[in-house]
Asker: 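Quick one: the structure is below, and I'll ask about it shortly.
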Amino acid sequence: MDKINRAMDEQLQKRVADLTAHNDETGDGKLDAADLKAQLNRIEAQLELQDRQNRNIMRNQRLRMMLSIAITVVLLVALGGFWYYSRIAYHQVMDSTAQVNELVQTLQNSLNTLDPEELDNMMQDLPEITEQLKRIDVDALNQVLDGLPTLMDSVNKLQTQVQSISNLVSGGLGSLFGS
C-alpha cells in the first residue's frame, strides 16, 4: 500500500511540476504576477472567442427554429388545403352517387311497370334502332338541331297569325249573322 501511495504522490508531484513549468509565461523560471496576468489575458481571449462562438451558435439555432416554424406552417397550410379540397371532392362524389342511385331506382321502377313481353319486344328492336342511329348523318342532324329554334319561332308566329285571322273571321262572321 505504501508503494502505491508513494507512486501516486510522485505522479501528483510530477503533474504539479509540469503545470508550474507551463504556467511560466514570461520564461523566467518562476510563477509571478506577470505570468498570472498573461494567463488571465489568454483566458479572457479564449472566453471572448468562446462567447462569439456561442453567439453564432445561438443565432444559427434561432434561424433554424424560425425556419422549422415556417416550414411547419407551410406544411399545415398545404395539409389544410388538401383536406379542404378532398372534403369537397368527397361530397361531390357522394352527391353524384346519390344521383346515380336515384336514376337507378327510377329506371328500376320503370322496368318494374313494363310488361315482360313488351320489354322483350323492346330488346328485340334495340339492334335495329342501333343500326338506324349509326346511319344518321351527325352533321346534318346538328344542322337541323341548330335551325330548330328558328323554325319553332316561325311556327309560333304563324300560329299567332292564324289565331288572329280566326278571331277576325269569327268576329266578322258573327257580326254578319248576328244582326
Asker: Less than 3.5 Å apart, any donor N or O on the side chain of Asn112 or Gln108 sitting next to an acceptor on the other?
Answerer: yes

Asker: Tell me, yes or no, whether the heavy-atom count around Glu117 atom CD, taken from other residues, nucleotides or ligands under 6.0 Å, exceeds 12.
Answerer: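 Result for CD/Glu117: open.
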
Asker: Taking atom CD of Glu44 as the centre, report whether more than 12 heavy atoms of other residues, nucleotides or ligands fall under 6.0 Å from it.
Answerer: yes

Asker: Can you name the side chain to side chain donor-acceptor pair (under 3.5 Å) partners of Asp95, sequence neighbours left out?
Answerer: none

Asker: Counting C-beta onward and ignoring hydrogens, is there a side-chain heavy-atom pair between Arg59 and Arg55 closer than 4.5 Å?
Answerer: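 When only atoms from C-beta onward are counted, Arg55 and Arg59 do not touch, as no gap falls below 4.5 Å.
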
Asker: Leu145, Ile136: one ILVMFWY side-chain cluster at the under-4.5 Å cut-off?
Answerer: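 Same cluster.
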
Asker: Grouping I, L, V, M, F, W and Y whenever their side-chain heavy atoms are under 4.5 Å apart, do Phe82 and Ile88 come out in a common cluster?
Answerer: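 Different clusters: Phe82 never reaches Ile88 through Ile, Leu, Val, Met, Phe, Trp or Tyr contacts under 4.5 Å.
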
Asker: Compare all side-chain heavy atoms of Thr113 with those of Asn109 and state whether any distance is below 4.5 angstrom.
Answerer: no

Asker: Let's go through Gln159 and Gln163 carefully: what are the C-alpha distance in whole Å and the side-chain angles of both, what is the deciding distance for side-chain contact (heavy atoms from CB on, under 4.5 Å) to 0.1 Å, and is it a yes or a no?
Answerer: CA-CA 6 Å; Gln159 190 175 13; Gln163 185 67 32; 5.8 Å; no

Asker: Does the side chain of Gln132 reach to within under 4.5 Å of the side chain of Glu128, using non-hydrogen atoms?
Answerer: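 Yes. Closest side-chain heavy atoms under 4.5 Å.
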
Asker: Would a distance-only check, ignoring hydrogens and angles, find a side-chain to backbone donor-acceptor pair under 3.5 Å from Ser110 to Thr106?
Answerer: yes

Asker: Are Leu79 and Tyr84 connected, step by step, through hydrophobic side chains (Ile, Leu, Val, Met, Phe, Trp, Tyr) whose heavy atoms are closer than 4.5 Å?
Answerer: no

Asker: Out of curiosity, Met65 CE to Thr72 OG1, how far, rounded to the nearest 0.5 Å?
Answerer: 11.5 Å

Asker: Can you tell me how far apart CG (Asn60) and CG (Leu67) are? Round to the nearest 0.5 Å.
Answerer: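 Asn60 CG to Leu67 CG: 11.5 Å, rounded to 0.5 Å.
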
Asker: When rounded to the nearest 0.5 angstrom, what distance separates CZ in Arg135 from OG1 in Thr130?
Answerer: 10.5 Å

Asker: What distance do Arg52 atom CZ and Asn56 atom CG have between them, rounded to the nearest 0.5 Å?
Answerer: 9.0 Å

Asker: Once rounded to the nearest 0.5 Å, what's the spacing between atom CG of Asn142 and atom CG of Asp137?
Answerer: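 Atom-to-atom, Asn142:CG and Asp137:CG are 9.0 Å apart.
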
Asker: Could you walk me through whether Lys157 and Asp153 pass the salt bridge (charged side-chain N to carboxylate O under 4.0 Å, His left out) test, one step at a time?
Answerer: CA-CA 6 Å; Lys157 287 178 184 175; Asp153 287 341; over 6 Å; no

Asker: Please tell me whether Leu141 and Met152 are part of a single hydrophobic cluster in this structure, the criterion being side-chain heavy atoms less than 4.5 Å apart.
Answerer: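 Yes, Leu141 and Met152 fall within the same hydrophobic cluster.
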
Asker: Hey, what else clusters with Ile43 if you join Ile, Leu, Val, Met, Phe, Trp, Tyr whenever side-chain heavy atoms sit under 4.5 Å?
Answerer: Leu47

Asker: Under the side chain to side chain contact (heavy atoms under 4.5 Å, CB included) test, which residues partner Ile129, sequence neighbours left out?
Answerer: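 Once residues adjacent in sequence are excluded, the partners of Ile129 under the side chain to side chain contact (heavy atoms under 4.5 Å, CB included) criterion are Asp125, Leu133.
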
Asker: I need the Ile165 CD1 to Leu158 CG distance, nearest 0.5 Å.
Answerer: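 One finds 9.5 Å between CD1 of Ile165 and CG of Leu158.
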
Asker: Side chains of Gln143 and Asp139: do they bring a donor and an acceptor to under 3.5 Å?
Answerer: no

